[in-house]
Structures are given as C-alpha cells and as structure tokens.
Amino acid sequence: MLYTPEHAPRPLTAEQEEQVHEYAMRICEEIGLDVLHEEARRLLEKAGQKVDGERVYFDRGFVMEQLAKAPHTFTLHARNPANTVEVGDGTTLWMGVGGPPFLSDLDEGRRAGTLEGHDTIIKLTQAASPLNCAQTGACEPTKMDVNTRHLDMEYSTLRWSDLPYTTYGTSGPKARDGIEMARIVHGGDLGDRTALMGVVNSVSPLIWDFRMVDAMIAWAESNQATVVTPFLLGGATAAVSVAGGLAQQVAEALSGVAIAQTIRPGSPCLYGSFFQATDMRSGAPALGTPESIFGVFAGAQLARRYGLPFRGGGGLCSSNAVDAQAAAESSFMLWATMLAGTDVVLHAAGWLEGGLTASLEKFALDVELLEQLQVQQQGIGFSEEEFAFDALKELGPGGLWLAAQHTMDHFREWQYISPLFITQDFTTWSAAGGEETAARANRRWKQLLDTYEDPGIDADIDAELIAYMDRRKSEPPPDED
C-alpha cells in the first residue's frame with residue numbers, strides 16, 4: 001500500500017508537536033472552555049474539574065487520563081455484516097457529501113435540497129466503488145418540517161444503503177432518534193455494538209454548546225462513535241496562524257473526548273479536523289488552500305500522537321461551479337487526505353460552494369479522482385509477467401508494443417482507463433460535439449445511478465422503522481435547547 005499512516009507526511013517536528021500540545025493544555029487549564037450543558041458540567045465537577053459558572057477548566061492530567069480510555073480502533077457494524085469495518089486499522093472510510101441545503105445538477109440547476117435528492121446521493125454512494133460509507137444529511141430537504149426531517153433522512157440512509165454510516169444528530173433528541181432507528185435495523189438490540197458515527201462540532205473558539213454536548217452524551221451512553229471536530233476557520237473562529245489554530249484544535253478536540261469518556265469510559269471517539277482559512281476579502285471560508293493541507297497533515301499527525309482514529313480532509317472546495325477552481329481545490333484536498341492515511345473522510349464526493357450545495361456533477365468528478373487515487377494506493381506490481389522480459393525478447397528492438405499479445409492480454413488490468421476523462425485529439429473531440437467535462441460528468445452520475453442495486457430490507461424491519469417515524473412525527477417536538 002502506497003498511502004499509509006506509516007508513510008504519511010509529518011509537517012511537525014517532535015519539538016513542534018510538543019509545543020502544540022503544551023499550548024493546548026495551557027488553553028484547557030488557564031483559559032478553559034464554556035460547556036453549556038448543566039449535567040455535563042456537574043459530571044466534570046464531580047470528576048475534579050474546576051467549574052466557574054459555565055466555564056470549565058480542564059486539568060491536563062484529567063484530559064490525558066480520559067483520553068487513554070478511548071479505544072485506538074473500534075468495529076463499526078453495518079446492517080450488512082459483509083460491510084462491517086474496523087475503524088482505525090488502516091482502512092479508510094470514504095463517504096459522500098453531507099449537510100448542504102442546496103442540490104444542483106446541469107439539468108435542473110441549483111435548487112433547495114429535497115428528500116428525493118437525498119435518496120439519489122445515498123444510492124450513488126452505494127453504487128460508487130470508491131465509497132464504502134454513507135452519510136445521512138446528503139442534502140437537507142429544506143421544505144420538510146425541521147423538527148422531523150432528520151427521521152426521513154435517516155430512513156433514506158438505512159433503506160437505500162447497507163453500508164456503515166454517519167448519522168444526522170444535530171441535537172440530543174435527533175441523536176437518540178438515530179440510535180433507536182439503528183437499534184431497529186440491527187434486530188432490536190444493539191448491546192454494546194457500535195452501529196453509527198455521529199459528528200459534534202465545538203463552537204469555536206472554546207465553546208461546547210448544549211446541542212452538541214447533548215448529542216455527544218446520547219452517543220457515548222449507547223457506545224456509538226463520536227467524531228469530535230472543531231470547526232476552525234483561521235482568522236475567524238481560530239487564530240490566523242496555523243500554529244495557534246492547531247493548539248486550539250487540540251484543546252477543543254481533547255476536551256470533547258474527555259467529556260465523552262466521562263459519560264462512558266471506553267466509548268469510541270475520533271479526532272476530527274476541519275481546519276480551513278478565511279478569505280479576508282469576503283469573510284468566506286477558503287478551502288483547498290495551503291492552510292487546508294497543513295490542517296490535514298498536522299491533524300493526522302496529532303491524532304496519532306493521541307492514539308485516536310483520524311477524521312479529516314475530503315473533496316472540499318470553495319468554488320461555486322464545477323470548474324477549474326473546484327477541480328484544483330478538491331484535487332489538493334483529496335490527495336492530501338489520501339497521503340495522510342486518514343481513517344474517516346466525510347464529504348469525499350459532491351461538495352460544492354463551500355458545502356452549501358451538493359452537486360451531482362461534482363460527485364461524479366470526485367469519484368473519478370478517488371478511483372485514480374485508490375489505484376495509486378495499490379502501488380506498483382513486480383510480478384514476472386509485469387517485468388515483461390519474455391514479451392520484450394519476442395518483440396525485439398524496434399517492435400511495436402501496441403500490437404504485442406502481452407499488451408492485449410494485460411492493458412485492461414494494468415492501465416487505468418477513465419470512464420470520464422478523455423484523451424481524443426482536438427479534431428476528433430470537436431467533431432463529436434466538443435463535450436466539456438461538466439457535461440460528461442452529468443452523463444456519468446446518471447450512468448452510475450443506473451448501476452445502483454437495491455440492497456433490500458427486511459419487510460418487518462422496514463415496517464417498524466416507518467411506524468417509529470410516524471409515531472415520532474405525531475408527538476410534540478422536543479426541547480432541543
């Protein structure tokens with residue numbers, strides 16, 4: 001394997017890594033973090049942490065003691081046991097985009113997200129060979145009831161895919177709904193099995209708000225995995241300097257892990273990194289920049305220092321269109337993600353407009369990049385047949401490899417042939433209509449969707465899921481704050 005944690009770039013020297021850690025611990029001890037969840041503060045105070053109002057001062061010894069309780073790897077159970085994976089053992093989980101309120105393609109343009117669009121992206125994820133994990137919230141069906149649409153998105157993920165997945169869970173009640181639906185899918189009792197991953201983002205700088213902590217508590221209590229991810233934009237929610245941002249990231253991430261381990265020692269946690277720059281001309285996130293790359297490489301290095309699986313990277317871009325900017329930014333990000341040996345990758349395909357839009361053409365292009373990167377990851381073959389000595393001896397000086405039997409026998413196996421990118425000369429391309437990349441990507445995602453195979457679902461389980469959704473929709477919305 002070419003791209004592994006052992007071969008990952010390490011941008012921090014041992015001394016710099018220690019500096020980041022030391023500043024992070026000083027942030028935890030001397031500045032503290034606001035934890036806007038009374039029960040969590042009570043448990044932290046009981047565990048010996050200084051609490052002053054909503055501010056919690058995390059002792060470094062306590063943080064490291066709690067961190068040591070989190071597993072280095074964990075099993076993520078899929079409803080199809082053949083798709084169950086061990087997270088943190090070197091197998092990367094790649095999943096499609098999550099969270100955008102808009103959906104776009106060349107046929108209908110940019111529009112509000114829909115449940116049908118969510119279904120389409122989940123089906124594309126199931127069909128795309130480079131992707132091995134689904135993400136609930138692929139696009140937000142914004143015209144549906146905000147209090148209950150998470151149920152429909154969760155059902156979409158569970159019904160149309162049998163891959164491991166990331167749940168929705170933007171609050172405690174929504175997280176508990178996701179856990180209950182996972183329980184139904186897994187036969188009525190999860191036991192201690194981890195069947196989903198949920199993402200919590202600190203409100204940077206240095207705040208853990210009620211909703212995120214409440215979701216974290218729900219996942220930790222049931223032994224589900226929490227992806228602790230500070231949302232850092234240099235110059236906006238973090239220092240404009242990379243070093244300062246990294247120290248803040250460690251403080252926020254490890255304090256989150258400490259909270260989860262206080263709830264349930266040994267519950268799975270991941271070290272998450274979403275570290276980007278802010279364009280000071282507009283105040284908008286600038287993705288795919290050198291700072292983004294530093295965030296991936298340094299984040300992976302720090303996660304391994306702390307013995308946690310790493311979530312980071314993805315096919316991120318700031319571009320508003322499927323254009324050269326989107327291609328360049330996403331290529332930088334995906335290659336860095338692969339080089340870093342990342343364990344879990346959200347938003348690997350379909351992310352556009354800084355995450356506001358799920359683009360189906362961008363999905364096809366990102367899948368193409370991932371296919372090529374995964375071929376690279378396999379490395380170079382060195383079999384006797386691949387050295388081709390006998391074939392060259394038969395061909396002799398001046399022979400034409402294009403006509404050789406060796407070429408005919410092996411070119412499909414040993415050369416990558418893109419289903420999307422073309423190599424025609426200009427005249428041939430022009431005569432065929434001069435189709436540009438975005439148009440080919442439009443056709444490609446449709447072809448991919450045509451290959452989708454419904455994994456099916458047990459009729460009794462399906463009925464129980466629908467009954468649970470109907471019951472929850474008939475109840476008053478919970479107080480999420």
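- Interatomic distance, L67 CG to L308 CG, rounded to the nearest 0.5 Å: 5.0 Å.
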### Query
Run the side chain to side chain donor-acceptor pair (under 3.5 Å) check on Q276 and E291 step by step: do they pass?
CA-CA 6 Å; Q276 312 295 330; E291 293 79 13; over 6 Å; no
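- Using modelled atom types, one finds a donor on one side chain and an acceptor on the other under 3.5 Å when comparing E252 with Q248.
- When only modelled atom types and interatomic distance are considered, D162 and Q126 share a side-chain donor-acceptor pair under 3.5 Å.
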### Task
Please lay out, stage by stage, how V200 and W219 fare under the test side chain to side chain contact (heavy atoms under 4.5 Å, CB included).
CA-CA 10 Å; V200 291; W219 292 320; 3.6 Å; yes
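- Atom NZ of K473 has more than 12 neighbouring heavy atoms from other residues, nucleotides or ligands inside a 6.0 Å radius.
- Checking T114 against E116 by side-chain atom types alone, no donor-acceptor pair falls below 3.5 Å.
- Under the 3.5 Å distance criterion, the side-chain polar atoms of R55 are matched with a main-chain donor or acceptor of I31.
- Applying the ring pair (Phe, Tyr, Trp, His ring centres under 6.0 Å) test to residues at least two apart or on different chains, the pairs with a partner in residues 291-330 are H21-Y306.
- The backbone N or O of F231 sits less than 3.5 Å from a side-chain atom of T237, completing a donor-acceptor pair.
- Remark: the backbone N or O of E140 is not paired with any side-chain donor or acceptor of R149 at under 3.5 angstrom.
- With a 4.5 Å cut-off on side-chain heavy atoms, S222 and R176 do not count as touching.
- Between S330 and D366, the shortest heavy-atom distance links the atoms CB-OD1, 3.9 Å.
- Taken to the nearest 0.5 Å, the CG atom of D209 stands 11.0 Å off from the CD atom of E54.
- Here the side chain of W94 pairs no donor or acceptor atom with the backbone of A348 at under 3.5 angstrom.
- Remark: of the listed residues V296, L287, L346, L287 is the sole one forming a side chain to side chain contact (heavy atoms under 4.5 Å, CB included) with F274.
- Between D192 and N223, the closest heavy-atom pair is O-ND2, 2.7 Å.
- No donor-acceptor pair closer than 3.5 Å links the side chain of S156 to the backbone N or O of D152.
- Residues C139 and G113 approach most closely at SG-CA, 4.2 Å, considering heavy atoms.
- A salt bridge links R110 with E353; the closest basic N to acidic carboxylate O contact falls under 4.0 Å.
- Under the 4.5 Å side-chain criterion, counting only non-hydrogen atoms from C-beta, V56 is not in contact with L33.
- Side-chain contact between S319 and E329 is present, with at least one heavy-atom pair separated by less than 4.5 Å.
- Using modelled atom types and a 3.5 Å distance limit, the side chains of Y468 and D177 yield a donor-acceptor pair.
- The side-chain hydrogen bond (donor to acceptor under 3.5 Å, both in side chains) test applied to R42 returns E39, not counting sequence neighbours.
- Remark: D119 CG to Y452 OH distance equals 8.5 Å, nearest 0.5 Å.
- In this structure, a donor-acceptor pair under 3.5 Å is present between the side chains of T75 and E86.
- Side-chain atoms of H118 come within 3.5 Å of backbone atoms of G137 as a donor-acceptor pair (strictly under, hydrogens ignored).
- For S202 against P230, the heavy-atom pair with the smallest separation is OG-CA, 3.2 Å.
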### Task
Check the pair R60, E22 against salt bridge (Lys or Arg N to Asp or Glu O under 4.0 Å), reporting the backbone distance first and the verdict last.
CA-CA 9 Å; R60 70 178 65 200; E22 178 61 25; 2.9 Å; yes
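- Judged by distance alone, the side chains of Q224 and T194 never bring a donor and an acceptor atom under 3.5 Å apart.
- Closest approach of L356 and P100 over heavy atoms only: O-CB, 3.4 Å.
- No donor-acceptor pair under 3.5 Å is formed between the side chain of H37 and the backbone N or O of F210.
- Between the side chains of E15 and T13, not a single donor N or O lies within less than 3.5 Å of an accepting N or O.
- Within the 4.5 Å cutoff, the side chain of L103 has no heavy atoms near those of the T357 side chain.
- Checking Q325 against S318 by side-chain atom types alone, no donor-acceptor pair falls below 3.5 Å.
- For E368 and Q372, the side-chain atoms include at least one donor-acceptor pair closer than 3.5 Å.
- With a 4.5 Å cut-off on side-chain heavy atoms, T262 and Q49 do not count as touching.
- Under 4.0 Å is where a charged nitrogen must lie from a carboxylate oxygen, and between E180 and R183 at least one such pair does.
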### Message
Could you walk me through whether M333 and I293 satisfy the side chain to side chain contact (heavy atoms under 4.5 Å, CB included) test, starting with their C-alpha distance in whole Å, then the side-chain angles of each, then the deciding distance to 0.1 Å, before giving a yes or no?
### Response
CA-CA 7 Å; M333 287 298 299; I293 307 308; 3.9 Å; yes
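- Judged by distance alone, the side chain of R41 and the main-chain N or O of V35 form a donor-acceptor pair under 3.5 Å.
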### Stepwise side chain to side chain contact (heavy atoms under 4.5 Å, CB included) test for M153 and K174
CA-CA 11 Å; M153 289 188 284; K174 289 183 173 66; over 6 Å; no
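- Closest non-hydrogen pair, V63 versus F58, comes out as CG2-CB, 3.7 Å.
- Residue M338 holds its CE atom at 12.0 Å from OG1 of T4, rounded to the nearest 0.5 Å.
- Between the side chains of T136 and T157, at least one donor N or O sits under 3.5 Å from an acceptor N or O.
- The line from CD1 of I466 to CD1 of I461 is 12.0 Å long, rounded to the nearest 0.5 Å.
- For the residue pair D462 and Y155, a side-chain donor N or O sits within less than 3.5 Å of a side-chain acceptor on the partner.
- By the 6.0 Å and 45° rule, K50 stacks over the aromatic ring of Y57.
- Contact annotation: the side chain of L163 never approaches that of R79 to less than 4.5 Å [non-hydrogen atoms, C-beta and beyond].
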### Task
Mind running side chain to side chain contact (heavy atoms under 4.5 Å, CB included) on C317 and K362 for me, showing each step along the way?
CA-CA 10 Å; C317 67; K362 178 68 161 38; 3.8 Å; yes
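- Within the 4.5 Å cutoff, no side-chain heavy atoms of L254 are placed close to those of C28.
- In this structure a side-chain-to-backbone donor-acceptor pair under 3.5 Å is present from S267 to R264.
- R281 CZ: 12 or fewer foreign heavy atoms inside a 6.0 Å radius.
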### Worked verdict on E18 versus R305 for salt bridge (Lys or Arg N to Asp or Glu O under 4.0 Å)
CA-CA 10 Å; E18 190 59 34; R305 172 194 173 102; 3.0 Å; yes
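- Side chain of H72 to main chain of P309: no donor-acceptor pair is present (N/O by atom type, distance under 3.5 Å, no hydrogens or angles).
- By the 4.5 Å heavy-atom criterion applied to side chains, D34 and L206 are not counted as neighbours.
- In this structure, E221 CD and I179 CD1 are separated by 8.0 Å, a value rounded to the nearest 0.5 Å.
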